[in-house]
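Chain identifiers are assigned alphabetically (A, B, ...) following the order of the sequence lines, protein sequences preceding nucleic acid strands; residue numbering begins at 1 within each chain.
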Amino acid sequence: MDNRTLAGCFEQIADLLELKGENVFKIRAYRSAAETIGAWADPVGALDDLALRAVPGIGKDLAAKIRELASTGRCAYHEELLAEFPVTLLEVLKLQGVGPKTAALLFRALGIATVDALAAAARAGQLRELKGIGPKKEALILKAIDERRLDQGRHLLAETATLAAELIAHLQQQAPAVTFVPVGSLRRGSETCGDLDILAVGGDATLMDTFVAHPRVERVLAHGDTKSSVRLQGGYQADLRLVPPASRGAAMQYFTGSKAHNIALRDRALRLGLTLNEYGLTRLDDGTTVAGETEEGLYEALGLAWVPPELREDRGELEAAAGQSLPALVSFGSLRGDLHMHTTASDGRDTIEAMAAAAQARGYAYIAITDHSKALAMANGLDERRALEHAARVRALNGRYEGLTLLAGIECDILEDGRLDLDDECLAALDFVVASVHSRFNQEPRQMTDRLLRAMACPWVDAIGHPTGRLLLRRDAYTFALDEVAAAAGRHGVALEINSQVDRLDLNDVHARAARTHGVRFLVSSDAHSTAALGNVQWGVQVARRAWLDDDAILNTRPLDAFRAALRRHRPAPVSRGASE
DNA sequence: GCCGTTTTCGGCCCGACTGTTTTCAGTCG
């Protein structure tokens with residue numbers, strides 16, 4: 001049983017317990033366990049009891065339920081709860097403005113168990129008869145039902161960033177003196193964003209009027225003096241919060257989250273006799289404010305180093321901040337090269353020359369041109385002869401772009417059985433090879449693992465491209481033993497790619513961090529199919545930061561000579577570990 | 001249901017906005 005299924009089950013249990021009106025802390029325990037499991041790199045279903053109990057937020061009971069689910073595929077407690085409330089009621093619970101109290105009331109008083117039944121009752125004016133629900137609430141519920149499709153799902157980080165920039169530009173024009181900061185999951189660089197949070201520092205309530213009047217606003221969910229929420233066309237929810245300058249740091253911290261990080265931080269504050277909210281950090285005894293103007297000051301007052309937003313997920317960053325052992329994260333400007341891009345020779349939109357000129361303009365010292373190999377016929381992939389001719393054209397351009405070295409590479413398909421799409425002689429004649437899976441994603445995990453291991457056994461494979469094959473919001477990763485593959489990559493010196501395409505971001509933060517423990521080195525690559533897409537590396541760098549990676553972990557932060565020397569093909573052969581390799 | 005730099009019991013983060021109310025409950029983030 002995979003982590004997502006386990007997390008989904010705990011999430012449902014939490015929802016059902018809320019409907020029941022159970023102890024809020026018990027509910028929180030299930031919810032935080034779901035979140036932890038969902039982001040755990042290894043399959044927790046395979047862990048033994050001892051290892052399970054070491055997972056934060058998993059105690060005796062939850063460990064037992066995980067083992068029950070992993071071994072039987074079922075959870076008696078979950079089924080017991082589902083006997084009390086129909087599973088369809090959970091859809092009602094997801095509606096904007098409908099919480100557990102309302103959903104339980106609807107079910108108990110009117111027998112409403114589905115969104116359709118709720119819609120019918122609302123249209124018939126039956127809801128307003130219930131205690132605590134009036135005509136306005138009834139109308140809001142009908143609206144929420146209409147909008148639920150739009151409300152579903154999350155959005156790509158890059159899209160969210162573009163939208164945030166647009167909204168902030170609009171607000172900034174109306175209020176030039178106010179500082180606007182995108183916060184929430186966008187500031188943390190989370191791969192998808194559920195909504196969009198913007199913080200305004202030092203303005204007045206008229207800012208809220210400007211915000212809700214933006215032409216993309218479809219519906220105003222809340223409109224107060226310091227907080228407003230709107231739904232935008234396309235299903236986004238956006239929130240604007242206003243705080244005074246003295247609270248800038250506290251508010252940035254508070255609204256950046258994550259929720260789990262904030263809870264842990266406030267817990268720490270309480271233990272120090274302090275209380276933390278979006279306005280500042282104050283002493284419990286006499287109410288004096290000790291920090292709040294800057295984030296740095298706030299963390300310092302709690303005895304912590306400032307935590308980069310990308311790390312604020314309650315995954316050990318507070319302990320590291322307390323011990324002054326946070327990593328020096330790779331920075332956005334530290335990439336010196338890009339090792340994955342396509343040209344018109346296969347499915348790219350621009351020529352080698354155009355890509356090289358754009359890379360030079362970005363200040364890169366080196367790039368590898370890596371068009372597709374022949375198995376990807378759809379993309380006009382190159383066979384051995386074309387690959388070598390193409391390589392000659394790439395190399396012939398060296399000297400033409402000052403400061404930039406072009407490497408002749410290939411993105412070589414990993415075939416069904418782990419063989420490579422081009423012969424060894426051809427691969428050996430190139431400067432750089434990234435090997436990727438583009439077909440047969442549904443192989444059994446064991447088969448997929450062996451496929452990747454076999455590909456890495458080829459001495460000319462320098463890197464594995466988009467190692468898990470997932471497409472954000474569209475296609476799950478193919479399943480394989482990441483641990484085993486990462487261990488082999490670390491041993492052979494094969495780099496794993498952090499692919500920066502906005503809907504790939506593959507490896508992701510959790511997997512990259514786990515792979516690093518095996519000594520793996522990474523490449524942050526654009527996989528650009530046009531000159532414009534070279535800039536996507538910013539998202540890959542953000543993933544690397546979320547994975548706690550420093551410059552040393554990223555091969556393409558090195559100058560050309562050091563980069564070359566670190567490539568698998570130029571490293572001394574690893575000590576033989578037996579015939580199996 | 002979890003957890004321990006006061007603790008194996010008794011805690012567990014905090015505030016804005018809305019609607020239905022006459023002082024607050026529910027929802028959301």
Most 5' of A/Asp239 and A/Leu62 on DNA chain B, judged by nearest nucleotide: A/Leu62
Identify the pairs formed between an N or O of the protein and an N or O of nucleotides 3-12 of chain B at a distance under 3.5 Å, and give each distance.
residue, atom, partner, partner atom, Å
B/dC3, OP1, A/Gly57, N, 2.8

Side-chain polar contacts of residues 293-307 of chain A - donor-acceptor pairs under 3.5 angstrom, sequence neighbours left out - could you list them?
residue, atom, partner, partner atom, Å
A/Thr294, OG1, A/Gly297, N, 2.9
A/Glu295, OE1, A/Arg187, NH2, 3.0
A/Glu295, OE1, A/Trp306, NE1, 2.9
A/Glu295, OE1, A/Arg312, NH2, 3.0
A/Glu295, OE2, A/Arg187, NH1, 2.9
A/Glu295, OE2, A/Gln253, N, 3.2
A/Glu295, OE2, A/Arg312, NH1, 2.9
A/Glu295, OE2, A/Arg312, NH2, 3.4
A/Tyr299, OH, A/Gln253, NE2, 3.4
A/Tyr299, OH, A/His261, NE2, 2.9
A/Tyr299, OH, A/Arg312, NE, 3.3

Interatomic distance where CD belongs to A/Glu68 and C1' belongs to B/dG1 [whole Å]: 16 Å
Interatomic distance at P, B/dT20 relative to B/dG15, whole Å: 26 Å
A/Asp116 side chain to A/Thr114 side chain, donor-acceptor N/O pair below 3.5 angstrom: no
Integer-rounded Å distance: B/dC28 C1' and A/Asp195 CG: 10 Å
Nearest-Å distance once atom P is located in both B/dT21 and B/dC14: 31 Å
Interatomic distance, A/Leu19 CG vs B/dT27 C1' [rounded to whole Å]: 14 Å
Euclidean distance, atom CD of residue A/Gln96 to atom C1' of B/dC28 [Å, nearest integer]: 8 Å
Side chain to side chain contact (heavy atoms under 4.5 Å, CB included) partners for A/Asn277, two or more places apart: A/Tyr279
Donor-acceptor pair, side chain of A/Ser71 and main chain of A/Arg67, under 3.5 angstrom: yes
Protein-nucleotide distance (A/Ile27, atom CD1; B/dC2, atom P), rounded to Å: 14 Å
Aromatic ring pairing A/Phe85/A/Phe107, orientation class (parallel under 30°, perpendicular over 60°, tilted between): tilted
Pairing of A/Glu191 and A/Arg470 as salt bridge, 4.0 angstrom limit: yes
Distance-minimising heavy-atom pair for A/Ala122 and A/Leu127: CB-CD1, 3.6 Å
Presence of A/Gln237 side-chain N/O under 4.0 Å of B/dC28 phosphate oxygens OP1/OP2: no
Spacing of A/Lys20 atom NZ relative to B/dG1 atom C1', expressed in whole Å: 14 Å
Test salt bridge (Lys or Arg N to Asp or Glu O under 4.0 Å) applied to A/Arg123 and A/Glu138, step by step: CA-CA 8 Å; A/Arg123 275 195 288 271; A/Glu138 192 176 69; over 6 Å; no
Nearest-angstrom distance, C1' atom, B/dT18 to B/dC12: 28 Å
So which protein N/O to nucleotides 15-21 of chain B N/O distances come out below 3.5 Å?
residue, atom, partner, partner atom, Å
B/dG15, OP1, A/Asn277, ND2, 3.0
B/dA16, OP1, A/Tyr279, OH, 3.2
B/dA16, O3', A/Thr226, OG1, 3.2
B/dC17, OP1, A/Asp225, N, 3.1
B/dC17, OP1, A/Thr226, N, 3.0
B/dC17, OP1, A/Thr226, OG1, 3.2
B/dC17, OP1, A/Lys227, N, 3.0
B/dT18, OP1, A/His223, N, 2.7
B/dT18, OP1, A/His223, O, 3.4
B/dT20, OP1, A/Gly134, N, 2.4
B/dT20, OP1, A/Gly134, O, 3.0
B/dT20, OP1, A/Lys137, N, 3.3

Shortest side-chain distance from A/Lys101, nucleotide among B/dG29, B/dG26, B/dG1: B/dG26
Quiz: residues 36-60 of chain A side-chain donor-acceptor pairs under 3.5 angstrom, not counting sequence neighbours:
residue, atom, partner, partner atom, Å
A/Thr36, OG1, A/Ser32, O, 2.9
A/Asp48, OD1, A/Leu50, N, 3.2
A/Asp48, OD1, A/Ala51, N, 2.9

P spacing across the pair B/dC17 / B/dT22, given as an integer number of angstrom: 23 Å
Of A/Arg516, A/Arg545, A/Arg315, the residue whose pairing with A/Asp509 passes salt bridge (Lys or Arg N to Asp or Glu O under 4.0 Å): A/Arg315
Nucleotide paired to B/dT8 in any strand shown, Watson-Crick or G-U, under 3.5 Å: none
Rounded distance in Å between the C1' positions of B/dT6 and B/dG11: 12 Å
Distance in angstrom units between A/Glu35 CD and B/dC2 P, rounded: 16 Å
Proximal nucleotide (of B/dT27, B/dG29, B/dG1) relative to the A/Lys259 side chain: B/dG29
Atom-to-atom span, CG of A/Leu240 to C1' of B/dC28 - whole angstrom: 16 Å
Which atom pairs, one a donor and one an acceptor, fall under 3.5 Å between side chains of residues 194-209 of chain A and the rest of the protein, sequence neighbours left out?
residue, atom, partner, partner atom, Å
A/Asp204, OD1, A/Thr206, N, 2.9
A/Asp204, OD1, A/Thr206, OG1, 2.4
A/Asp209, OD1, A/His223, NE2, 3.0

Touch class at under 4.0 angstrom, heavy-atom based, for A/Val98 against every strand present: sugar-phosphate
A/Thr102 side chain near B/dT27 phosphate (N/O to OP1/OP2, under 4.0 Å): yes
Rounded distance in Å between the C1' positions of B/dC2 and B/dT8: 12 Å
